[in-house]
Every structure is written in C-alpha cells, then in structure tokens.
> 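Attaching a single structure in structure tokens format; questions to follow.
In this chain, numbering begins with 1 at the start of the sequence shown. Worth saying up front: this structure is predicted, and the values here are computed from it rather than measured. Only this structure's heavy atoms are used, side chains among them; waters, hydrogens and symmetry mates stay out.
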Amino acid sequence: MIKTSKKNKEKQNTMASFAKDITQVKLPRPTRVKNETPAPLQITAEQLLREARERQESQILPPYQNITDPTELSDYRLRLRKEFEDRIRLPGPSTQVWLNYARWEESQKDYARARSVWERALQADYRNHAVWVKYAEFEMRNMFVNSARNVWDRAVTVLPRVDQLWYKYIHMEEMLGNISGAREVFERNRTCERYLREGGEVARARDVYERAVKNLGDDEELFVAFAEFEERCKEVERARVIYKFGLDRVGRGEELYKKFVAFEKQHGDKERIDDVIVGRRRVEYEEQVRKSPLNYDAWFDYVRLEEEEASSVGDKERVREVYERAVGNVPPANEKRYWRRYIYLWINYALFEEIEAEDVDRARQVYRECLKLVPHASFSFAKIWLLAAQFEIRQLNLTAARKILGNGIGKATNKDKIFKKYIEIELELGEIDRCRRLYEKYLEWSPDNCYVWCKYAEFEISLEETERARGIFELAVSQTTLDLPEVLWKGYIDFEMSQGEVERTRALYERLLERTKHYKVWVSFAKFEAGEQDEDEEEDGIERKQECIRRTRAVFDRAYVYYKEVIPEMKEERSTLLEEWLNMEMSFGMLGDVSIVESKLPKKLKKRKAITGEDGSVEYVEYTDYLFPEELKASNLKILEAAIRWKKQKVDAFCNV
C-alpha cells in the first residue's frame, strides 16, 4: 500500500476547499426583529464568543488517498504532472511553481524527471541564483556528488559575482573532505580580487576586467564592477564610456542603468543626465523597431524623441537618419489600410525639412519620393498631392503647384478633394477661365455628381452669369443618372425663384412631376403657388390672393386624384398630402375652406398583422390603416346588399311554408 506525501500542499488545499464546499451548512435567513425593546436578561459579548467556540465544528481535513496498484499510481502521477504543466504554461509562471514541481518529482523518486524540471527552470530564469542553489541541494540531498559539483561549477561560471554560490560550493567540498577541491574553488573566486588589491597594479587589474568583458560580454554586473573600479581610480571619463558601452551591449539592464544615472548625478551636469535618459529611451525604441519594423507607432515615438533632442542640441542629421530608416519599411501589401499610418511618416518628414531644418530642396525631394512610391494605380492619397502643391505655393512657385495638382488629377483614384482644392486655389487667384475648365474636367470625370453641378452653377451665379448658370442647370437635369437628383432640382428651382421667374419655376415643377410623383414634390409645388399671394389688402391684392389659393388647391386636387385613382394602395402618402392641404387651408385664414379637405380625410384604424419568422414562429405587429370616405360607402353598400339578400331569403322561406 502506498500513501501520498503530505508535502503536496497544493493538492491537499484543493481537496480541503472542495470538502468544505460540499459539507458547508447554509444557515437559515435571519428573521426580522419586531420588538426592539431591551430584554430583561442581557447577554454579554464574552458569552456569545464562548458559545460560538463551543458550537464550532471540528476542522474538516481532506482524506488521504491510498494507492493500491501500479496502474492507479501511474494515473495519479499523470494527473499531477498535467496540473503542474498547465501551471507552468500560464503567462509568467513564478519560480515557486518550478520548485514545487521538481520537489514533487523528487518525492516520487524519479530523479531523472526532477533533474529535467530543474534544467527547464534554469532555461526560464538562469539569472536567479536561488534556483541554482536549490538544484545543487537536490543533487547533494540524494547523494549525486558529481552532479552537484557540476551544477555548482556551472552556477559560478554563469553568475561569478554572486558570493553565495562560491561559499556553498566551497562548503560542499569541505563537507566531502575534498580540501584540495575547496582550495581550488577558493582560488578561482579570489583571482580577480587579488589582482585588484595588489598595490599600484591598476593596469593589470584593468587588463583582467577587459579580458572578462571579452569572455562574458553580456554580464551586467561585470560592467557595473568595471565602471566602479574606474570610478575609484578617478577615471570618470573611462567609467562613463564603460557605462555607455555596457548599455549598448546589455540593452535593458535595469541595474546598470540605475548605476549610470547615479554616476551622472554625482559626476555629470544636467545635460549629461538628460543624455542618459535620452539614451535609455533611444535603446528602448531601437529594440521595439528591431523586433517589429512595421510598428509605425514606435517609429513615430522614436522620431519625436530625436526631434525634441535636435531642437536643443541641433543634431538634425540623426533625425534624418531615423526618418530614412522609418520610411524604408514599406508596407508589404498594396492595400490602403496598410498605408494609412505609414504615409504620415513621409508627411512629418517633409514638414520637418521645411519648418525645422528650413531645407526647401530636401522637403521638395521628400514629397517627390513619396509621390513616386505610392502605387497610384491601386489607390492614392489626395492629402499628399495637396500638401505638395501647398508647399510649392508657399515657395511662390505657382507653376509647380499647378503641375502637381494636374498630375494628381491624372493619377489619383479619388480626385474629389484635389478638384475642390484646385478650384479653390484658382478662385482665390481670380483665374475665372481656369476655374471653368476645372469644373468642366470635374464633370467629365463625374457627370452624375450633383454637388459639382450645383457648385458650378453657384460659381456662375456669383459672377452674375445668369444664362450660364441656367444652361448648367439644364445640362445637369438632362443627365440620365444622378446621385442626388432632388438636390439638383431644388437648386434649380431656388435659382429661378431667386430670379423672380415665376413661369419658369412653375414649368420646372411640371417637368419634375413628369419624372416623379412623390408627395413632397406636390407639397412643395403647392407651397410655391401659395407663396405668390401678395400681402396687400387692396382689392387687387385680394384678387391675387384668391388666384394663388385657386392654383394651390388645383395642385393639391391633382395630387389627390393621382393618389386616389393611379396608386390607391399608397394610403399613408395620400393621408399626409391631405393633412398638408388642411394645414394650408387653415393658414389662408378667412379665405380658406377646410371643409373641402375634411370631406376627404380618412379614418385611422389600428390593425394587427401576422409576421412569420425564419424559425416558423408567428409574431403580431400593430400598424395603422386608413379608411377613406369612398371606401366606407362601398363597405356600407355591401352590408346593405347582404341585408336585402337575407331578408329575401326569409320571405321566400315563409311563403314556401
């Protein structure tokens, strides 16, 4: 019979928690105290605590697991190993997990597996000297002397600055009675210090450090010791160089960086301290862009750091170098979503050369290289074309700016922004003919764009070219396809109304009604007719108002007849039209007649209809139905006919009897 070890605390805690959950007794919900007056016999806190202790149940311990055959033992080991492996695979496993795993394997007398776990723990964190100590103690505890000696030897080689490893190594040799071996280890530990302590032997000590750096170049503690040695020798510049060299070699050495900062605070000035901080950040950014060259956010941060440094130091070449490295990381695919962040590196580069470096030629070259690099056949960036053109305008080079914008119109896939900005620039310069040619090119490229037609007409209206504007509107409404025809027709109608062309406006409404019979067009037409009435109270003014009201009613009546006879199923639009008509009659005041409309208004009925879903379920939805007067009369006639037939059937049945 095999009994599991009590050292497996995690397993016992898990079983204890499980046993506690299944044996825990839930107390009943406390009743509400209705009588809050003090009882005649008071109970002290001491009595409550004593009773609670007496009634406390004994602690529930997890049961021991008795394993009776090898198969059960194998299953138990497999389950425990899987649990340990799952914990190790969690992000950032602690050293204690590795230690528990190795100790458990040791408790199972499987020393090969335990040794494998120790080696894996060292691969995860070889700088943790506690792991080396525990590993060696495991070998010593199980009388594997040569293996323990091998572990100690590796430990002092990897971490030569940790005194505890040397002391324990020597102590083990002493316990084994290997005095010569202990003396050899001691000599290895003291070799470096003997050189350092020899009076006046600075050159030889420095030579020892240099050889150590050559052999153990990535040891952070070695660089710290070397720099502190030079500092003790009053060689401040040497120490500074060693610190910087160590930071370049080690990279993210926290201890080395702290020592360097403390060193500069003691021996340097504010500028040197700032240099240390900048150098540290520079190393971090270099590490980021080395791991992920296409991480453009890291490049932006790196460039911003160098620009801030250049503003104080004046080293613009370093900024250019970083920019050149950044823009050299071209996105791998010709898809615009990959280029959106990248393109701003070029923009910032050009702005830096123009504003900070004040190098116009280099800024122009940056814009040219960027425009050459972008695959305009697949996609383009109007922002680059516009920024390049605006740069040339700031240099008073209109010819170059026009050439850039012209090339942009020819190459870019999205030309809207380029056309708009180009027209705006020419308009500010007063180049009317150029603006007209640009509008014509714009419309050749996008003839269905109602925005361009309206802007072109507004441009001519601003120049008081009424006939040109009217001709543009006529060309626009004659197009077969338009993206927003309602905007274009509204602009045309508003234009004619602003010119006081009543007959032309009325004719436009009639033409529009030939294309669409939307109720909003009818309502707008009616409001136009109603708006022609004069506010004069003279007799001629009253007659004019009556004429406008007559025209308005005629428009509404045409619309009502159309919805009633042509599309009677559009009940909601017909009802909305009548409501607009009613509001219009009410706005006429004494001249209005609401009875004309009220006799046509429908009754609103709330109804329900069944809607079958994709899963076959039926859902009822409420909606509003409209019952117009003519439909109500027809319904009443059907009821009357049914009543007559019923009465006739009754009479015939009586006569037969």
Side-chain angles (χ1 to χ4, degrees), residues 91 251-252 281-308 310 316-357 359 361-392 400-401 403-422 441-442 444-449 451-452 483:
R252 294 177 176 270
R281 293 175 60 190
R282 188 176 288 129
V283 169
E284 292 177 354
Y285 289 139
E286 284 288 348
E287 184 70 16
Q288 292 181 20
V289 298
R290 183 187 64 81
K291 291 182 178 179
S292 179
L294 298 179
N295 183 4
Y296 299 122
D297 291 330
W299 283 111
F300 281 121
D301 295 337
Y302 194 3
V303 167
R304 192 178 301 112
L305 171 67
E306 296 297 349
E307 287 182 347
E308 293 174 356
K316 296 181 176 59
E317 289 302 323
R318 181 182 284 274
V319 182
R320 290 191 178 107
E321 178 188 355
V322 177
Y323 267 123
E324 289 293 338
R325 291 171 56 197
V327 298
N329 296 288
V330 183
N334 287 345
E335 295 183 21
K336 195 169 185 178
R337 58 194 178 100
Y338 296 118
W339 287 66
R340 292 187 187 278
R341 292 289 292 164
Y342 169 73
I343 207 68
Y344 278 95
L345 287 171
W346 285 99
I347 294 174
N348 293 349
Y349 189 9
L351 294 176
F352 166 77
E353 293 291 355
E354 180 187 1
I355 300 171
E356 300 295 335
D359 193 335
D361 293 333
R362 287 186 68 92
R364 183 178 289 112
Q365 186 64 26
V366 170
Y367 280 120
R368 288 176 181 173
E369 292 297 327
C370 178
L371 291 172
K372 189 185 300 183
L373 182 65
V374 175
H376 300 290
S378 302
F379 58 86
S380 186
F381 293 93
K383 182 184 288 294
I384 296 294
W385 294 103
L386 297 178
L387 287 174
Q390 289 169 349
F391 163 76
E392 296 294 350
K403 184 177 180 180
I404 291 172
L405 291 172
N407 288 334
I409 291 173
K411 294 181 178 180
T413 54
N414 184 11
K415 309 176 192 293
D416 286 288
K417 293 182 180 178
I418 302 176
F419 268 119
K420 292 174 184 177
K421 192 64 180 180
Y422 199 177
K441 292 289 185 182
Y442 199 171
E444 287 178 7
W445 175 68
S446 179
D448 60 343
N449 193 332
Y451 169 84
V452 186
D483 55 357

> Quick one: does Y285's side chain get under 4.5 Å of V322's, heavy atoms only?
no
> Could you give the distance from CG (L405) to NZ (K421), rounded to the nearest 0.5 Å?
10.0 Å
> Salt bridge or not for R304 and E307, using N-O below 4.0 Å?
no
> Could you pull out the closest heavy-atom pair between W385 and A412, with the gap in Å?
NE1-CB, 4.1 Å
> If you take all heavy atoms of L371 and A388, which pair is closest and at what distance?
CD1-CB, 4.3 Å
> Does the side chain of I409 reach to within under 4.5 Å of the side chain of Y442, using non-hydrogen atoms?
no
> For F352 and Y323, take the angle between the two ring planes, folded into 0 to 90°, and tell me which bin it lands in: parallel under 30, tilted 30 to 60, perpendicular over 60.
tilted
> Roughly how far, to the nearest 0.5 Å, is the CG atom of L345 from the OH atom of Y296?
7.5 Å
> Is atom NZ of K420 surrounded by more than 12 heavy atoms (other residues, nucleotides or ligands) closer than 6.0 Å?
yes
> Does R290 come within less than 4.0 Å of E287, counting only side-chain N to carboxylate O?
yes
> Find out whether Y342 and V327 are in side-chain contact, i.e. whether some heavy atom of one side chain is under 4.5 Å from a heavy atom of the other.
yes
> Show, in sequence, the C-alpha distance, side-chain angles and deciding distance for V374 and W346, and conclude whether the side-chain contact (heavy atoms from CB on, under 4.5 Å) test is met.
CA-CA 11 Å; V374 175; W346 285 99; over 6 Å; no
> Measuring only between side-chain heavy atoms, which start at C-beta, is W445 closer than 4.5 Å to D416?
yes
> Any side-chain heavy atom of Y422 within less than 4.5 Å of one from L386?
no
> What closest approach, in Å, do P293 and W299 show between heavy atoms, and which atom pair accounts for it?
O-NE1, 2.8 Å
> Kindly compute the distance separating CD1 (I384) from CD1 (I343), expressed to the nearest 0.5 Å.
4.5 Å
> Would you find a donor on one side and an acceptor on the other, under 3.5 Å apart, between the side chain of K336 and the backbone of S380?
yes
> I want to check something: taking the side chain as every heavy atom from C-beta on, are N449 and D483 in contact at a cut-off of under 4.5 Å?
yes
> If we only count heavy atoms from C-beta on, is the W339 to P375 side-chain gap below 4.5 Å?
yes
> How many angstroms lie between atom CD of E321 and atom CD of E306, to the nearest 0.5 angstrom?
8.5 Å
> Taking the six-membered ring of F381 (Phe, Tyr or Trp), confirm whether the NZ or CZ of K417 is under 6.0 Å from its centre and within 45° of its axis.
no
> Under the side-chain contact (heavy atoms from CB on, under 4.5 Å) criterion, do N348 and F300 qualify, and how do the steps go?
CA-CA 9 Å; N348 293 349; F300 281 121; 3.4 Å; yes
> State the CZ-CD1 distance between F391 and I404, to the nearest 0.5 angstrom.
8.5 Å
> Return yes if a side-chain donor-acceptor contact under 3.5 Å exists between E369 and Q365, otherwise no.
yes
> Any non-hydrogen side-chain atom of P331 less than 4.5 Å from a side-chain atom of L294?
no
> Would E317 and R320 count as a salt bridge (Lys or Arg N to Asp or Glu O under 4.0 Å) here? Give the steps.
CA-CA 5 Å; E317 289 302 323; R320 290 191 178 107; 2.9 Å; yes
> For a salt bridge (Lys or Arg N to Asp or Glu O under 4.0 Å) check, start with the C-alpha distance between R364 and E392, then their side-chain angles and the critical distance, and finish with the verdict.
CA-CA 8 Å; R364 183 178 289 112; E392 296 294 350; 2.8 Å; yes
> How long is the span from the SG atom in C370 to the OH atom in Y349, to the nearest 0.5 Å?
12.0 Å
> Tell me the closest heavy-atom pair linking A298 and Q288, and the distance in Å.
CB-OE1, 3.5 Å
